[in-house]
Each structure stands twice: as C-alpha cells, then as structure tokens.
Colleague: 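Below is one structure. I have some questions about it.
If you're wondering where the values come from, they're calculated on a predicted model, not measured in any experiment.
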Amino acid sequence: MAREELHAKMDRLVEKYSELLFTLPSKGRLFALVLSASLIPGACYLASLALAKAPPWLACLSLLVPPLATLAAWSLDVLLLRPDPLMNARRCLGLELFSLLPLVPLASAGAFLGPELAVRLTAIGASIAISARSLVMVATSLAGTPRRAACTITCPLTWTLAAYALAYLWQPSRLPSFLPLAFLVIGCLAAGSLLAYIRHVGERVLGSNPFRPLRGFAASWMEDLSGPLEDFLTEIGVEADIMTHVLVFRERGTDRPLGALVVPGVHPGPFRDVGSSPLPGLLQEALEARLGCPVAVAHGTSGHDLNLTARSEREKLIEAVCSALDGLKGPYREATRLVRARGERAEAACQLLGPLALVVLTASPETMEDLPPEVGELTAKRARELGLEDAIVVDAHNSLNGPFDRTRLVERFTAAASEAMGRARELPREQLRFGMARVVPAEFALEDGMGPGGISVLALEAGGQKVAYVVVDGNNMVSGLREHLLEALRELGFDEGEVMTSDTHVVNARLLVERGYHPVGEVMVWRVLADYVRGAAEAALEAMRPAEAWHARVVAEGLKVFGAEQLDRLCELPMAVLRATKRGVLGLLTPVHAALMALAFLL
C-alpha cells in the first residue's frame, strides 16, 4: 500500500474524529436540561388531564412522573456503572439527556391521545432509546457486558412503567394491554441485531472486535486512560527494530556534557499519552537525568505506522537509548560550516561533525509533514557512499499550510540531502565549539501546542560560522514562523540555523478544532515565542565551549509498532463503522419502528 494513500486516510480519520468529538455541559446544567426535557411530557399530561376534567391531584402528579422516572433511571445507571471510570454521574446525565430525544416527543404526543396510545407511543420512544443507548454503551463504557446491558434498558423501562402507572391512574377500570412491553422486547432485539451487524462489519475490516478500539479511544479522550487502547494496539501490532541516533557534545579537556541531540526512528503518536506520543518529553527527561545537561529530541523520518503501541514499548526504547550512553563513539572535535541544497519543494541543511553528517530536511514555507523512513535510509546509504560514517537525518516538521505534496517525495528529499552532503564533504573541517540551553515557556500549555520539552537551542561554531539549531516540543508549526525565528537568530549574530519541532503528539486530541490540536504558533503570540527563542539562544552562546561530539546509533529490537497494514485497517475502521451504523439505522431500525408505529394505531 502506498504511503501517500495511507496518509490520505489518516487525514480523513482526523477529520472524522474531530467532527464526532464533543464535550458535555457542566453537571448542573445537564441536570437542568434533563429535568426541563422530562417536564415537557409531564406538562402535556397535565394539560390533557385538565381538559378531561381529571382530579387536580392526578393532573399535578402527572407533571412529576416523567422527571421522577428519569431521576430513577439516572440513579440506577450511576449505581450500575460505579466501577466504570468513564461513565461517571455527569456522563450518565448526558446519557439520560440523549435518551430523552426520542422519548420526549412521542410521550408528549401520546399524552393527548388517551391512556392506551400514551403507553404505546412511550414504549416506541423507549424502543428507539434502547438502540441509541446500546451504541453509546458499547463505544464508551469500560463496564462489563452485563452492566452495559442493564444500563441500556434502565431509562426506557422506567419511562414505560411510568406511562403504565399514569394510564392506570387515568382510567383505573381499564388496564392498558401488554403490547407496549412487546415493543420493548422488539427494541432490544433490534438493538442487538444492529450491534451484531456493526461488529461483523468491523471484524471484517480489522480482524478483531471493533468496539475495543472505540472504547479505548473514549478512555483516552475522556479520562486520559491509555491502558485499554494500548492493550488492544499491542495485541494487533507488529514487531520492528527501531533505530535512534544519539549525539552528545562534551567540553574538550574535561569531558563535561554540554548538551545532546536525540533523533528517534519512531513516530511520536498517535495522541495524548497513548503509545509513543509523549516519547520526546520522556526521552528528554531520562537523558537529562543521566547526562546532567540539556537534551533536545528532534523528529526522525517516520510515519504513524511506526507509532509504538504502548507505554511498555516506549520504556524499552528509552532504556536502550540510555544504555547506549556507555558506548558512544568519538570524539569528533572538528566540524564543517553548514551548507544548504535546495531542490524541487525540498531543502536540506547539512553540517559534518567528524565523519557524521547532520542533515535537516524541510519544505518550508510549503507544508512539511512526516517523511517516510526510506528518506533516512537512502540518505544514510548515500553518506556511506561519500565516505562518511553515517547520516543523522532530521525531518524538521516545521511548516503547515494546507496539504503536503507527496509526489516523488522520497526522490525529492533524498536528492536534496545528497547534494548537501556532497557540498559539505568538500569543505574544510575546523575546531568545534558548542553550547546549549533549554527553556519551558510559562505562557504556553499543551492546548496551545507546546509540549513539556519547551524550546531547546543548540549553538555550534566552526570555521567562523555560528549555527543555531532550534527544537520546539510541538507538532509542526504554522507556515512562516520558521523564517520569523531564523531572522530573530540572525539579529543575535548567528550566520545559519534551522528550526524544528519534535512532532510530539502529547498535544493532540485535546481540542475540538479541525486537527484536534494547534501547531506551534497558531494561537501563540509570535513575539513572545521569539523572545523565548532569543533568550535560549543567548544562553546557548554564553555556554559555548571548545567541544567534541560523541555518537551512538542505537537499535532497539522487537518493539511493537502499529505497522502499515494494521494502521490502514485502523484508519478504515471508523468510516466502516459509521457506514454500517447508517445502513443499520436506515435498513433495520427505521422499518422496525415504523412497523411498531403502525401496530400502535391499528391494534
């Protein structure tokens, strides 16, 4: 399967989940909405009974019965779902409000049509509510199947029983028939058939129960619980050997660490705390504790198919990287100036550190998204052909402005990288000086697009040229910001530089916006951001010392990742489930409840 097609599916998936996500009002407002909605049929009963000259006590009681039925159902749901971390009291209120959508209009209409039709129409509304509640429960609740099934019927049953009670009080001499109870049974069977059909379609796409990833996503979105989704992803994931580059700079003569750059070969996704999403910040934290110096984590060449599946897998990778610090290769005391090569919608910046090529790729100001691992592999191969030891390839991931042009993607970027390395190889190597600083802006939070790693600046000097490498812990940045920050660095005396993001996905799926997150600079004040970059760059210049570089190429074997094939299925799953739900509603639920409506009036 072409990576271009997979990325297109990922884009559609992001659009779908952004359309479906919503937040509930506060508990107090929900309570008011539920009671207000429940009072509508009660008011209709009151008016109807008043017109029929019913006793005043019965008319007043009829006003209170529907709200009492809803409160009873809510109390039962809270009790049944108490062990569920997702369906708390507030969300159970949301479930009741959702259930009232079919119940309120039908029960209100029935109030004016006599006791028998009032019960029948209420039961039809309850039957529809059963299907709606069953979909909510299988997609969002982590409770066991018996508890989910019980909660599916609580509100529909209490409302139907309440309608029976009102009908009996209305006409004690004539007990309504048991046909409405049959409507509830039919509603349960229809809901079960709908779920079975959706599951069948989902299993055909995914090869596994499709409700598990839906519940896992709900757990992550609603309560930051990654375990349910990670357990599922680990079961369906595939093993891969993940390569990571570690570049450590030490003060010459003292071996004191001055700073480090890490470029993982794993993608930091999919969102929030799931899988490898927080990996940049966690790697940074672990290595800073080991080295006692600032650490920056840049984005390697990788896509969502190389997302780690679980916390346990990222811990294995962090352990492998930390262990590699004991076997660094070096020292490399000389470096070249940074050179650039610009090609067709691709640009490469290259600086040699001894026999190593540090290559940073960008398409800015055009949109820049995930570069496939083939770009890094082919660039490293070309570096060895040029007589170099290795190439550390960074996907700058630093410009977002519309869709990313993926035509001839690998060819375009590897050509630019090859040309830049060829030019750098011809340059003389000079003594290296290095300094580094990191700052975490207090003004910017995850919701603004800033990860916990903040802003790191690596300052290198060789051959009279000062270079600044800026790494922002975020997921891409708005087009034009890179150039704005580079201009700010030039004002400080830097001759060259590059601005990158870590592509951390810990900022993703936190907002109800089109992408589910803000790229760096979309809601941040550029002036404030530039001030932080300047401050970190000045601190890096002050920390600059004669330095030597040390390198490790770490391979963590057998880590569980999404895999291209499984990622393709995961991307296809939500659309398939939505299509199956629409077909089931139109082809099954609609005819069934139309038939029930006809029976309600004909029998």
Side-chain angles (χ1 to χ4, degrees), residues 249 258-259 261 280 284 294-299 335 337-340 342 347-351 358-368 394-401 433-445 448-504 507 518-544:
F249 295 89
L258 299 173
L261 176 68
Q284 196 172 42
V295 175
V297 180
H299 179 36
R337 295 165 63 91
L338 182 144
V339 296
R340 293 185 182 274
R342 294 177 174 84
E347 181 177 326
C350 178
Q351 186 169 23
L358 177 58
V359 180
V360 183
L361 301 172
T362 184
S364 184
E366 302 295 327
T367 291
M368 179 73 187
V394 177
D395 171 356
H397 211 257
N398 60 359
S399 182
L400 189 59
N401 182 26
R433 288 170 54 82
F434 177 86
M436 185 173 177
R438 183 167 76 88
V439 62
V440 180
E443 287 89 342
F444 307 137
D448 302 313
M450 179 68 72
I455 300 167
S456 304
V457 178
L458 297 83
L460 283 75
E461 183 177 0
Q465 182 195 56
K466 289 181 180 177
V467 180
Y469 295 101
V470 180
V471 183
V472 182
D473 192 24
N475 185 350
N476 218 319
M477 61 176 54
V478 293
S479 181
L481 179 56
R482 165 196 178 252
E483 288 73 18
H484 178 76
L485 297 178
L486 288 177
E487 180 60 33
L489 292 169
R490 278 191 284 270
E491 294 173 359
L492 295 179
F494 285 97
D495 304 291
E496 264 290 5
E498 193 53 84
V499 181
M500 304 157 263
T501 66
S502 65
D503 193 27
T504 180
V507 301
H518 288 302
V520 175
E522 186 170 62
V523 295
M524 300 174 185
V525 178
W526 285 21
R527 175 186 53 78
V528 175
L529 182 63
D531 286 343
Y532 275 110
V533 171
R534 273 191 290 262
E538 289 173 343
L541 285 174
E542 292 176 7
M544 188 175 282

Colleague: How many angstroms lie between atom CG of L458 and atom OH of Y469, to the nearest 0.5 angstrom?
Modeller: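 If I round to the nearest 0.5 Å, the distance is 9.0 Å.
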
Colleague: Is the backbone of G463 close enough, under 3.5 Å, to the side chain of R337 for a donor and an acceptor to pair up by distance?
Modeller: yes

Colleague: Do the side chains of L529 and V520 get nearer than 4.5 Å, heavy atoms only?
Modeller: yes

Colleague: Excluding sequence neighbours, so at least two apart, what forms ring pair (Phe, Tyr, Trp, His ring centres under 6.0 Å) with H397?
Modeller: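 If we apply the ring pair (Phe, Tyr, Trp, His ring centres under 6.0 Å) test to H397, skipping adjacent residues, the hits are H299.
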
Colleague: Is a side-chain donor or acceptor of R342 paired with a backbone partner of A348 at a separation under 3.5 angstrom?
Modeller: no

Colleague: Between V457 and A536, what is the shortest heavy-atom contact and its length?
Modeller: CG2-CB, 3.6 Å

Colleague: Can you find a heavy atom in the side chain of Q284 that is under 4.5 Å from one in the side chain of S456?
Modeller: yes

Colleague: Not counting sequence neighbours, list each pair that qualifies as a salt bridge (charged side-chain N to carboxylate O under 4.0 Å, His left out) and has a residue in residues 472-489.
Modeller: E347-R482, R482-E498, E487-R490

Colleague: For E522, what residues pass the side chain to side chain contact (heavy atoms under 4.5 Å, CB included) criterion, not counting sequence neighbours?
Modeller: V478, R515, H518, P519

Colleague: Rounded to the nearest 0.5 Å, how far apart are CG of D531 and CD of E443?
Modeller: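 Separation between the atoms: 9.5 Å.
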
Colleague: Starting at CD of E496, measure out to CG of L338 and round the result to the nearest 0.5 Å.
Modeller: 5.0 Å

Colleague: Regarding S364 and N398, is there a side-chain donor-to-acceptor distance under 3.5 Å anywhere?
Modeller: no

Colleague: With a 4.5 Å heavy-atom cut-off, do L358 and L261 have their side chains touching?
Modeller: yes

Colleague: Without swapping roles, check the side chain of T501 against the backbone of N476 for a donor-acceptor pair under 3.5 Å.
Modeller: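 Yes, T501 side chain to N476 backbone: donor-acceptor pair under 3.5 Å.
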
Colleague: For the atom pair CG (D503) and CE (M477), what is the distance rounded to the nearest 0.5 Å?
Modeller: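 Answer rounded to 0.5 Å: 11.5 Å.
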
Colleague: If every non-hydrogen atom of W526 is compared with every non-hydrogen atom of G480, which pair is closest and at what distance?
Modeller: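 Taking W526 first and G480 second, the nearest heavy atoms are CH2-C, 3.8 Å.
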
Colleague: List for me each residue that meets side chain to side chain contact (heavy atoms under 4.5 Å, CB included) alongside A530, sequence neighbours excluded, and say none if there are none.
Modeller: H484, L485, R534

Colleague: Rounded to the nearest 0.5 Å, what separation is found between the CZ atom of R527 and the OH atom of Y532?
Modeller: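 If we round to the nearest 0.5 Å, R527:CZ and Y532:OH are 11.0 Å apart.
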
Colleague: Among all residues two or more places apart in sequence or in another chain, which pass the ring pair (Phe, Tyr, Trp, His ring centres under 6.0 Å) test with F434?
Modeller: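 For F434 the ring pair (Phe, Tyr, Trp, His ring centres under 6.0 Å) partners, ignoring immediate neighbours, are F249.
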
Colleague: Going by heavy atoms in the side chains, are M500 and V472 under 4.5 Å from each other?
Modeller: no

Colleague: Does any non-hydrogen side-chain atom of V470 lie less than 4.5 Å from one of L486?
Modeller: no

Colleague: If we only count heavy atoms from C-beta on, is the L541 to K466 side-chain gap below 4.5 Å?
Modeller: yes

Colleague: Among pairs that include at least one residue of residues 450-462, which meet salt bridge (charged side-chain N to carboxylate O under 4.0 Å, His left out), considering only residues two or more places apart or in two chains?
Modeller: R433-E461

Colleague: Tell me the closest heavy-atom pair linking M368 and A396, and the distance in Å.
Modeller: CE-N, 4.3 Å

Colleague: Is the shortest side-chain heavy-atom distance between M450 and I455 below 4.5 Å?
Modeller: yes

Colleague: Given 3.5 Å as the limit, does a donor-acceptor pair link the side chain of T367 with the main chain of N401, or not?
Modeller: yes

Colleague: Kindly determine whether M544 and L460 satisfy side-chain contact (heavy atoms from CB on, under 4.5 Å), including the steps that lead there.
Modeller: CA-CA 8 Å; M544 188 175 282; L460 283 75; over 6 Å; no

